[in-house]
Amino acid sequence: MVGGVSATRKTPAFRLTGWGRPPSLADVAVPEPAGAEVLVRVEAAGICHSDLHVLDAAPGALPYRLPFTLGHEIAGHVAALGAAASGVEVGARVAVHGPWGCGECRRCTAGEDNYCDRRAGLSWSGAGLGRDGGMAQHVLVPHARYLVPIGDLDAAQAAPLTDAGLTPYHAVAALKPAEDAPVVVIGAGGLGHVAIQILRATTRATVFAVDVREEALALAHRSGAHRTLLSGPGTGSVLRRETGGADAVLDFVGSDPTLALGASVLRPGGTLVIVGSGGGRLTIAKPGPLPQGASVSSPFWGNRRELGEVIALARAGGIRVETELFPLAAAGEAFERVRAGRVRGRAVLLPG
Ligand code: FEH
Ligand code: ZN
Ligand code: ZN
C-alpha cells in the first residue's frame, strides 16, 4: 500500500477552505498511511477557542495552507498502519498528542513538539492547525509517537483532555505550590475548570477561582475550588486580603484586565502564568505592576509524557471534563454555540 488516499472510500470532514469563509462539511477520501504514519478512526474531536482564532484569522496571518480539516483534540482507535509504523496495534484506543512539530529537532524527538525549535519555519501548528485534523471520521497521524493509549476511557473525555486537560496540566506542573499556598485561577471555563481539578488532584494548594459568569463559578465550585469570586471592581482587594498574596495566578483569559488583576494579587516572588490567548498586555518594568521577584510565563499546550499523565489521572477518576456532545453533522451549530459562549465546558463532536 503506497501512502495517499483511497480511490473509493469517502467520509465526512469539517474543513476550512478559505480565510474568512465559514468551515463546511465535505466528503473526503480516506487517507492511506505510508511509512511511519498511522490512520486513526476518530471517535471524538473537541472544539477549542483557538479554533475560533483560526477561523477569524486574516489571510496571511497564519502560515497554514488551505484547505485542511479542523480539530486538534482527537481520540479514537487505530484503523491502519503504514509499512514502517511500529509501537501500536490496529484496534488500539488512543488519544492524539496534537502539537505536531518538525519531528526531527531535539524538542520533537523528546516528545516536546509543543516547543519545537523549528516552529517558526513550519506551515502548521499540529493536527487541525494547518494539517488535516480530527473533525472527521479519519485522521492521518505522522507517527505512532503522537498516540497515547486511553484504555477504556470514554473518547468524548479523552479528546478534550488532549488540550483542555493537557494545557492546564502543563501549566500547573511547573508551579509546585506548597501546602495551603493560595493559587488563583482566573477564568473557570473550558480549561479553567480542569485546571482547578488538576490543582486539587496533584497539589495541596488552596484554590481561588474568579470568573464573570455565575455558571462558571458553579462549575469551579463543583471542580473543587475552595473559594469562588464573581469578578468586579473589588475583586483584587478581596483576593489580596484573603490570600495574603497569591503564590501563583493562572490566567485562562489573558486580557488586559485579567492580567492586571493577576499582577495585583501576586505575592513577592509569585508567578503569573498566562494561558489564555486573549492578547492582553501587561507592562514588565521595574518599578511596575509586578511585585519584587515575580515571574511571568506563557506556557503552550503540553508534551507527550504529560498527556500520558493526564490520561492516567482521568482514568483514575482524578479529573473529568464537562462536555456537551454534538454529531459531526452539527459542527457548524456547535461552533456557533461555542462562539456565543453557550456551551457549558467543552463542545465535543462525534463523527459517528
Ligand atoms: C493551538 C494552536 C495555536 C494556538 C493555541 C493553541 C491551543 O489551543 C493549544 O492548547
Ligand atoms: Zn486548543
Ligand atoms: Zn521540531
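In listed order, ligands and their atoms are each counted from 1.
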Review point. If you measure only the distance, is there a donor-acceptor pair under 3.5 Å linking the side chains of Glu37 and His143?
Key: no
Check your understanding: Which heavy atom of the protein is the closest neighbour of atom 2 (C) of ligand 1, given with residue, atom name and distance?
Key -> Leu129 CD1, 3.6 Å
Practice item. Using a strict cut-off of less than 4.0 Å between a Lys/Arg side-chain nitrogen and an Asp/Glu carboxylate oxygen, indicate whether Asp152 and Arg315 qualify as a salt bridge. Key: yes
Check your understanding: Does a salt bridge link Glu322 with Arg222, judged by any charged N lying under 4.0 Å from a carboxylate O?
Key -> yes
Revision key, fill the gap. The protein heavy atom nearest to atom 6 (C) of ligand 1 is Ser50 OG, 3.3 Å
Practice item. If the plane angle is over 60° it's perpendicular, under 30° parallel, otherwise tilted; pick one for Trp19 and Tyr64. Key: tilted
Point to revise | the Zn ion (ligand 3): angle it makes with SG (Cys102) and SG (Cys105), nearest 10 degrees | key: 110°
Practice item. May I have the angle between Asp163 OD2 and Cys48 SG with its vertex at the Zn ion (ligand 2), rounded to 10°? Key: 110°
**Study point:** Arg267 and Asp247 ion-paired at < 4.0 Å
**Key:** yes
Exercise for review: State the atoms of ligand 1, each with its element, that fall below the 4.0 Å cut-off from a heavy-atom position in Thr167.
Suggested key: 10 (O)
**Study point:** Lys/Arg N to Asp/Glu carboxylate O, Asp163 vs Arg346, below 4.0 Å
**Key:** yes
Review point. Taking non-hydrogen atoms only, is Leu166 closer than 4.0 angstrom to ligand 1 via side chain, backbone, both or neither?
Key: neither
Exercise for review: Starting from atom 10 (O) of ligand 1, find the nearest protein heavy-atom neighbour and note its residue, name and distance.
Suggested key: Asp163 OD1, 2.6 Å
Practice item. Provide, to 0.1 Å, the distance between atom 3 (C) of ligand 1 and the closest protein heavy atom, together with that atom's residue and name. Key: Phe300 CE1, 4.0 Å
Study note, to complete from the structure: Quick look: His72 vs ligand 1, heavy-atom contacts under 4.0 Å, and the answer is side chain
Practice item. Please confirm whether Ser277 comes within less than 3.5 Å of ligand 1 when only nitrogen or oxygen atoms on both sides are compared. Key: no
Point to revise | Under-4.0 Å salt bridge between Glu112 and Arg305 | key: no
Check your understanding: What are the two closest non-hydrogen atoms of Gly165 and Val310, and how far apart are they?
Key -> O-CG2, 4.1 Å
Practice item. May I have the angle between Cys108 SG and Cys116 SG with its vertex at the Zn ion (ligand 3), rounded to 10°? Key: 100°
Exercise for review: May I ask you to list the atoms of ligand 1 that are less than 4.0 angstrom from any heavy atom of Cys48?
Suggested key: 8 (O)
